[in-house]
There are 2 protein chains.
Amino acid sequence: MSTTGLFDRIDRPRRLPDEVASSILASIESKQLNPGDKLPSENELSKQFGVARTVIREAISLLKFDGVVDSRRGVGAFIAQSEHRSAFRISPACFEIRKQIVQLLQLRTGVQAGASALAAEMRTSKQMAEIESVYERLALADKTGPAEALEERVDTELLFYRLITQASSNRYYEDVVGMIESNLQTNLRSAFLKNAATSEFGPNILAEHHAVLTALQAKDVEGARVATRLRFEHSARSLASRKDFA
Amino acid sequence: MSTTGLFDRIDRPRRLPDEVASSILASIESKQLNPGDKLPSENELSKQFGVARTVIREAISLLKFDGVVDSRRGVGAFIAQSEHRSAFRISPACFEIRKQIVQLLQLRTGVQAGASALAAEMRTSKQMAEIESVYERLALADKTGPAEALEERVDTELLFYRLITQASSNRYYEDVVGMIESNLQTNLRSAFLKNAATSEFGPNILAEHHAVLTALQAKDVEGARVATRLRFEHSARSLASRKDFA
DNA sequence: ACATTTACAGTTGTCAGACAACTGACTATA
DNA sequence: TATAGTCAGTTGTCTGACAACTGTAAATGT
């Protein structure tokens, strides 16, 4: 977004309910709390964590919303079966950034390939025109050389595939892709940019994008699927082979 | 899990914070509130909704957790850019059950195909043995005819692909597949079963599963990808062609 | 002795009010 | 004009209270 400032913002005191929720989640992940177990009462948790009950309530409310715990008035709150979770969120709990980004790109590959295939079938002419225009921008940026306006170029590429996803007319695809993308942008942007600077641009990369574009134009479902997959597999592999990020 | 009871559970009085959160979300979906807009203050919302501020706080806390709104102390709460959402949840807000299930199956197809491909590469012998054993159960159930123990059969099939997903060694794939699956099980189980009763079983279906199994055994990445995709596309199409569910 | 009802302690859900921490804008002052 | 101080408004947290509900145990009737 803005230029990278001289100082990173200091770690402002995180909000208490998030801390509590994370703490409880960690206890679940580490099998200290198992499905079916009863959580301590809110009053007791309040004492244990040393915060007010309202904070505990907000924390548990978050977990309930995701289906991680289930509470019954007059009884208590219980750890839910892990299959009942109603939300998918990319937890920043994974400390191995490297592993995380590789797995995330693997997921993105599968999802985006499906979205592109669907888009090849469902796209309207208007959507196709937009996608073509963004591709033109991408090709133009590629000619000017990689040293300049790197961020904007990466954003253009992201936009390219976001538009394709939208053309699939499937909200779930949009949501999943959007979430993965936003996570890559925020948490892993620096690593992403570093990688992009060295290997993400060039005629062969552009050719991969072009293959996707051509398939979409021809409404070639399988072609779009394969081309998209190859493009992201390539990206994932180039990133995985690097030893020097984050 | 358990057998389908005679009575569906009545709609228990939903909790207030969820109501409020849904209401605010609806305002966002309907473009009455747009990204960047400032929410009314908690005190004002408290008066408008006629509930205590703690309820409003919990509701906003949920939205913050999903990245839908962003609040700053001393300033207020604002609608976030839609790209910043940190969670993917299958919202029950889509009233067209038919459309919802089709789109969900489309997503599942893409995701599961990717997971299977990854599993073909990453699986251990032990995981392969488990998958084979579940397949045997599936084949056995198929011989006894479709009239009996339908639920268990469907669950076995779900387990088959859940194990495959686990074999991918990618937590994100597991999470996404698990969430889609749980949603299908809970919200759309009846429609699912009805479809399964008529068209989900038989030698050709089993052959599709078998193709997936064979590819996994041979560590054939592309074979696993294609076989899985065909199997789910088939399932989605047979469901979409039916006019009589839900 | 057994079955039914009642009372009770414990828990979650909601409410009301207060203060702390922080922000943005306004005002006073040099 | 520029700087510092003041202040109202907002979110974050705390405290205490009551309502709604549940499971258990005691009390009661048979």
Side-chain angles (χ1 to χ4, degrees), chain A residues 2 5 7 9-25 27-28 33 35-80 84 86, chain B residues 7 9-25 27-28 33 35-80 84 86:
Chain A
S2 65
F7 301 104
R9 57 177 46 184
I10 65 173
D11 50 348
R12 63 179 56 187
R14 289 178 57 193
R15 291 197 326 286
L16 262 36
D18 286 7
E19 296 276 4
V20 173
S22 297
S23 178
I24 295 176
L25 258 182
S27 296
I28 297 174
L33 286 173
D37 288 359
K38 183 174 176 302
L39 251 65
S41 75
E42 295 178 352
N43 274 318
E44 192 166 346
L45 285 174
S46 172
K47 270 187 287 185
Q48 284 188 24
F49 280 104
V51 298
R53 191 164 84 101
T54 50
V55 173
I56 302 291
R57 280 197 59 75
E58 274 195 36
I60 292 183
S61 182
L62 298 180
L63 299 178
K64 272 189 301 189
F65 202 48
D66 274 11
V68 177
V69 310
D70 186 39
S71 67
R72 285 178 299 168
R73 175 189 294 207
V75 184
F78 301 84
I79 310 294
H84 288 63
S86 65
Chain B
F7 301 104
R9 57 178 46 184
I10 65 173
D11 49 347
R12 61 178 61 184
R14 290 179 59 192
R15 292 192 320 283
L16 261 37
D18 287 8
E19 296 276 3
V20 173
S22 297
S23 178
I24 295 176
L25 258 181
S27 296
I28 297 174
L33 286 172
D37 288 358
K38 184 174 174 301
L39 251 65
S41 75
E42 294 178 352
N43 275 318
E44 193 166 345
L45 286 175
S46 171
K47 271 187 286 184
Q48 284 188 24
F49 280 102
V51 298
R53 192 163 82 99
T54 49
V55 173
I56 302 291
R57 281 196 60 74
E58 276 195 32
I60 292 182
S61 183
L62 298 179
L63 300 177
K64 273 190 300 189
F65 203 47
D66 275 11
V68 177
V69 311
D70 187 38
S71 66
R72 286 178 298 169
R73 176 190 296 207
V75 184
F78 302 84
I79 310 294
H84 288 64
S86 64

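Model, not experiment: these values are computed from the prediction. Quick note on labels: first sequence line is chain A, next is B, and so on, each numbered from 1.
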For a quick test of your reading: what N or O donor-acceptor pairs under 3.5 Å do the side chains of residues 53-63 of chain B make, sequence neighbours left out?
from, atom 1, to, atom 2, distance (Å)
B:Arg53, NH1, B:Glu42, OE1, 2.4
B:Arg57, NE, A:Glu58, OE2, 3.1
B:Arg57, NH1, B:Glu42, OE1, 3.3
B:Arg57, NH1, B:Glu42, OE2, 2.9
B:Glu58, OE1, A:Ser61, OG, 3.2
B:Glu58, OE2, A:Arg57, NE, 3.2
B:Ser61, OG, A:Glu58, OE1, 3.2

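Between B:Glu44 atom CD and D:dT10 atom P the separation is 8 Å, expressed in whole Å. When rounded to the nearest whole Å, the span between NZ of A:Lys47 and P of D:dG16 equals 13 Å. In this structure, B:Phe78 atom CZ and C:dT23 atom P are separated by 12 Å, rounded to whole Å. In this entry the distance linking CG of B:Asp70 with C1' of D:dT11 reads 12 Å, nearest Å. Per the geometry, CG belonging to A:Asn43 stands 11 Å off C1' belonging to D:dG16, to the nearest Å. When the P atom of C:dT12 is taken as reference, atom CG of A:Leu39 falls 8 Å away, rounded to whole Å. The CG-C1' distance, from A:Leu45 to C:dT12, rounds to 12 Å in whole Å.
Between A:Val75 and A:Phe78, the closest side-chain pair of non-hydrogen atoms falls below 4.5 Å.
Listed by chain and residue number, A:Asn43, A:Glu44 satisfy the side-chain contact (heavy atoms from CB on, under 4.5 Å) test with A:Ser41 (two or more places apart in sequence, or in another chain). Taking B:Ser23 as the reference, B:Phe49 meet the side-chain contact (heavy atoms from CB on, under 4.5 Å) condition, with sequence neighbours excluded. A:Ile79 is linked by a side-chain contact (heavy atoms from CB on, under 4.5 Å) to A:Ile28, A:Leu33, A:Asp37, A:Leu39, A:Val69, counting only residues two or more places apart in sequence or in another chain. With sequence neighbours excluded, the residues that form a salt bridge (Lys or Arg N to Asp or Glu O under 4.0 Å) with B:Asp18 are B:Arg15.
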Counting primed atoms, P, OP1 and OP2 as sugar-phosphate and everything else as base, the B/S/- map of nucleotides 13-19 of chain C against protein heavy atoms under 4.0 Å is BBB--B-
